[in-house]
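Here is the structure we will look at, set down as structure tokens.
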Amino acid sequence: QVQLVESGGGLVQAGGSLRLSCAASGSIFRIDVMAWYRQAPGKQRERVADITRGGSTTLADSVKGRFTISRDNAKNTVYLQTNSLKPEDTAVYYCYAKSINASSGRETDNWGQGTQVTVSS
């Protein structure tokens with residue numbers, strides 16, 4: 001079983017920044033794509049950003065120019081740098097990772113528990 005633990009969320013004023021981290025642990029041979037999703041109260045989950053193992057990134061239009069996704073493969077960790085935060089960025093942010101199990105070789109989808117980001121106006 002692979003565990004993903006997010007951290008770095010909190011309360012910040014509009015225009016501020018936060019860096020979210022997600023560390024994977026468990027029986028991991030390799031982690032392929034990693035991603036950040038978010039879900040605001042009463043709204044559907046949306047993909048914010050994703051990054052391949054090789055470093056290719058995709059950002060949602062709503063965060064382009066403000067957010068940056070990166071990863072450290074040696075640490076099995078993905079980051080989301082959030083700058084110029086807006087109240088509409090308020091949501092629970094979830095980490096996703098597709099992993100290959102070290103013993104079985106099976107590919108699995110893994111989700112973190114989420115970290116709250118609240119942006120005040």
Side-chain angles (χ1 to χ4, degrees):
Q1 191 76 21
V2 173
Q3 292 79 46
L4 300 177
V5 179
E6 302 99 332
S7 62
L11 176 63
V12 64
Q13 292 196 69
S17 300
L18 290 170
R19 191 175 83 146
L20 309 184
S21 299
C22 171
S25 62
S27 184
I28 301 169
F29 174 73
R30 188 182 72 240
I31 295 179
D32 293 326
V33 66
M34 303 186 82
W36 287 96
Y37 291 75
R38 67 186 182 187
Q39 187 166 25
K43 302 188 70 175
Q44 290 189 325
R45 173 187 56 79
E46 67 169 330
R47 188 178 63 190
V48 176
D50 58 45
I51 182 167
T52 68
R53 185 171 181 84
S56 297
T57 63
T58 302
L59 295 172
D61 288 341
S62 59
V63 304
K64 283 181 180 176
R66 300 188 298 121
F67 291 11
T68 302
I69 187 170
S70 61
R71 65 190 287 170
D72 185 335
N73 291 336
K75 295 181 178 180
N76 286 332
T77 299
V78 64
Y79 306 94
L80 187 69
Q81 179 68 46
T82 69
N83 299 325
S84 302
L85 283 162
K86 305 174 181 179
E88 51 262 46
D89 294 318
T90 295
V92 178
Y93 284 69
Y94 296 94
C95 178
Y96 165 85
K98 184 178 291 292
S99 66
I100 307 298
N101 185 270
S103 58
S104 70
R106 183 169 296 179
E107 189 176 78
T108 59
D109 298 315
N110 308 279
W111 291 89
Q113 82 289 345
T115 185
Q116 176 71 47
V117 172
T118 302
V119 185
S120 63
S121 60

Worksheet item: Side chains of E46 and Q39: is there a donor and an acceptor less than 3.5 Å apart?
Response: no
Worksheet entry | Value rounded to 0.5 Å, distance of CD1 in I51 from OG in S56 | 8.0 Å
Worksheet item: With side chains defined as the heavy atoms from C-beta onward, is the minimum distance between L80 and V48 less than 4.5 Å?
Response: yes
Discussion item. With a 4.5 Å cut-off on side-chain heavy atoms, are T52 and M34 touching?
Written reply: no
Discussion item. Nearest 0.5 Å, please: how far is CG in L20 from OG in S7?
Written reply: 8.0 Å
Discussion item. Once salt bridge (Lys or Arg N to Asp or Glu O under 4.0 Å) is applied, do any residues pair with R66, and if so which ones, sequence neighbours excluded?
Written reply: D89
Fill in: V12 with V63, same ILVMFWY side-chain cluster at under 4.5 Å
yes
Fill in: Partner set under salt bridge (Lys or Arg N to Asp or Glu O under 4.0 Å) for D72, not counting sequence neighbours
none
Worksheet entry | Least distance between heavy atoms, T77 atom then K75 atom | OG1-O, 2.9 Å
Practice prompt. Could you list all the ring pair (Phe, Tyr, Trp, His ring centres under 6.0 Å) pairs where at least one residue sits in residues 80-116, not counting sequence neighbours?
Written response: Y37-W111, Y96-W111
Discussion item. Enumerate the salt bridge (charged side-chain N to carboxylate O under 4.0 Å, His left out) contacts for residues 55-65, please, sequence neighbours excluded, ordered by first and then second residue.
Written reply: D61-K64
Worksheet item: When rounded to the nearest 0.5 angstrom, what distance separates OG in S103 from CZ in F29?
Response: 11.5 Å
Discussion item. Show the nearest heavy-atom pair for residues V78 and S70, with the distance to one decimal.
Written reply: CG2-O, 3.2 Å
Item to complete: Evaluate the criterion salt bridge (charged side-chain N to carboxylate O under 4.0 Å, His left out) for residue pair D32 and K98; output intermediate values, then yes/no.
Response: CA-CA 5 Å; D32 293 326; K98 184 178 291 292; over 6 Å; no
Worksheet item: Considering residues at least two apart in sequence or located in another chain, which fulfil the salt bridge (Lys or Arg N to Asp or Glu O under 4.0 Å) criterion with R45?
Response: none
Worksheet item: When you check the side-chain N and O atoms of T118 and Q116, is any donor under 3.5 Å from an acceptor?
Response: yes
Worksheet item: Side chains of R53 and N73: closer than 4.5 Å at any heavy-atom pair?
Response: yes
Discussion item. With heavy-atom distances below 4.5 Å as the criterion, would you say the side chains of N83 and L85 are in contact?
Written reply: no
Fill in: Side-chain H-bond candidate by donor/acceptor type, S99 with T108, under 3.5 Å
yes
Worksheet, complete the sentence: Here the disulfide bond (SG atoms under 2.5 Å apart) pairs for residues 38-121, sequence neighbours left out, are C22-C95
Discussion item. Give me the atom names and distance for the closest heavy-atom approach of S121 to A14.
Written reply: CA-CB, 4.4 Å
Worksheet item: Does any N or O in the side chain of S104 come within less than 3.5 Å of the main-chain N or O of N101, such that one atom is a donor and the other an acceptor?
Response: no
Practice prompt. Can you see which heavy atom on I31 is nearest to which on R71, and at what distance?
Written response: O-NH2, 3.0 Å
Worksheet item: In terms of hydrophobic clusters joined by side-chain contacts under 4.5 Å, are Y79 and V92 together?
Response: no
Response to the item:
Closest heavy-atom pair, G105 versus I100, reported as atoms and distance to 0.1 Å, is O-CG2, 3.6 Å
Worksheet item: Just by distance, do the side chain of E6 and the backbone of S21 share a donor-acceptor pair under 3.5 Å?
Response: no
Worksheet item: Do you know the tightest heavy-atom contact between R38 and S62?
Response: NH2-OG, 3.4 Å
Discussion item. Using the rule that Ile, Leu, Val, Met, Phe, Trp and Tyr join whenever any side-chain heavy atoms are under 4.5 Å apart, tell me whether I28 and L4 fall into a single cluster.
Written reply: yes
Practice prompt. Would you indicate whether the side-chain heavy atoms of W36 and I69 approach each other to under 4.5 Å?
Written response: yes
Fill in: S17 and Q81, any side-chain heavy atoms less than 4.5 Å apart
yes
